[in-house]
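To keep things clear, I will list the structure first and then write my remarks on it.
Residue numbers count from 1 along this sequence.
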Amino acid sequence: MAASFASRCSRAGRSLFGGLSNSSPGLFTTTHEMTCSNYLFQVTQQRNFIQMRTVLKVVDNSGAKKVMCIHALKGKKGARLGDMIKASVKEAHPNGKVKKGSTVFAVVVRAAMPKGRCDGSEVKFDDNAVVLVDKQGQPIGTRVFGPVPHELRQKKHVKILTLAGHIA
């Protein structure tokens with residue numbers, strides 16, 4: 001009975017007990033192998049572009065709290081630092097300038113994906129964040145919270161840099 005169960009699990013490639021491996025004898029994997037495989041998964045995990053259905057934090061005082069990316073306006077893969085996206089407002093303050101469900105344009109000011117700089121260093125943030133703008137690229141809010149990278153100057157978003165309190 002146990003042998004047939006083990007053979008069925010090994011044919012499927014995984015078991016209910018965390019997977020079978022050829023290096024460990026028996027039905028269960030050791031905790032050392034499981035922690036090593038989890039560690040390797042975390043090390044090799046890559047950050048991706050901001051793409052469709054990515055939820056982003058809004059870091060201005062326009063009234064929105066969270067938006068979801070509908071479309072990256074530039075590039076095939078997705079948006080990076082300084083790129084413009086079209087987004088839908090998912091959470092908003094009750095007395096804000098934008099309402100929940102409205103479609104807005106936004107500029108990515110913080111991204112978890114690393115971006116290389118000219119001097120060889122790279123910049124990456126802990127979260128994905130945007131500033132809401134109109135079609136011409138002018139910010140809707142009057143303040144920008146948190147650090148903003150100076151790469152926005154190259155992308156012609158100087159107004160966002162002037163509103164920011166800290167430039168990284």
Just by modelled atom types, is the G82 backbone N or O under 3.5 Å from a matching donor or acceptor in the H157 side chain?
-> yes
To the nearest 0.5 Å, atom CD of Q154 lies from atom NZ of K156 at 8.5 Å
Closest non-hydrogen atom pair between L81 and A111, with its separation | CD2-N, 3.7 Å
If you count the non-hydrogen atoms of other residues, nucleotides and ligands that lie under 6.0 Å from NZ in K66, is the total more than 12?
-> no
Side-chain heavy-atom pair L161, V144 within 4.5 angstrom cut-off | no
Walk me through it: do V131 and I140 pass the test side-chain contact (heavy atoms from CB on, under 4.5 Å)?
-> CA-CA 8 Å; V131 170; I140 295 175; over 6 Å; no
May I have the step-by-step check of side-chain contact (heavy atoms from CB on, under 4.5 Å) for L56 and C69, ending in yes or no?
-> CA-CA 7 Å; L56 303 113; C69 178; 4.1 Å; yes
Roughly how far apart are H71 NE2 and M52 CE, rounded to 0.5 Å?
-> 8.5 Å
Counting only heavy atoms not in N95, do more than 12 fall under 6.0 Å of its CG?
-> no
Between I85 and T54, does a side-chain contact (heavy atoms from CB on, under 4.5 Å) hold up when you go through it step by step?
-> CA-CA 11 Å; I85 64 170; T54 302; over 6 Å; no
Any chain of hydrophobic side-chain contacts (each under 4.5 Å) joining V107 to V58?
-> no
Shortest non-hydrogen separation from F125 to P147 and the atoms involved | CE2-CG, 4.2 Å
Under the salt bridge (charged side-chain N to carboxylate O under 4.0 Å, His left out) test, which residues partner R80, sequence neighbours left out?
-> none
Closest heavy-atom contact between A79 and A72?
-> N-CB, 3.8 Å
Considering non-hydrogen atoms only, spot the tightest contact between V130 and A106 and give its length.
-> CB-CB, 3.8 Å
Decide yes or no for I167 and H150: does some side-chain heavy atom of the first lie under 4.5 Å from some side-chain heavy atom of the second?
-> yes
Any side-chain heavy-atom pair of V109 and L152 under 4.5 Å = yes
Is K57 atom NZ crowded by more than 12 heavy atoms from other residues, nucleotides or ligands, each under 6.0 Å away?
-> no
Using the side-chain contact (heavy atoms from CB on, under 4.5 Å) rule, take V89 and K99 through it: C-alpha gap first, then chi angles, then the decisive distance, then the call.
-> CA-CA 7 Å; V89 178; K99 303 297 178 198; over 6 Å; no
Within residues 130-154 or reaching into it, pairs that qualify as salt bridge (Lys or Arg N to Asp or Glu O under 4.0 Å) - sequence neighbours excluded | R117-E151
Can you hop from F105 to V148 via hydrophobic side chains spaced under 4.5 Å?
-> yes
What closest approach, in Å, do K86 and L73 show between heavy atoms, and which atom pair accounts for it?
-> N-CG, 4.3 Å
What salt bridge (Lys or Arg N to Asp or Glu O under 4.0 Å) pairs are there with at least one residue in residues 101-115, not counting sequence neighbours?
-> R110-D127
Please report the closest heavy-atom contact between A112 and N128, naming both atoms and the distance.
-> N-OD1, 2.9 Å
Under the 3.5 angstrom rule, does the side chain of D83 hit a backbone N or O of V108 as a donor-acceptor pair?
-> no
Kindly say whether L132 contributes a backbone atom to a donor-acceptor pair with the side chain of D60 at under 3.5 angstrom?
-> yes
Is the shortest heavy-atom distance from the side chain of E91 to the side chain of K100 under 4.5 Å?
-> no
Donor + acceptor pair across side chains of N61, T142 (<3.5 Å) | yes
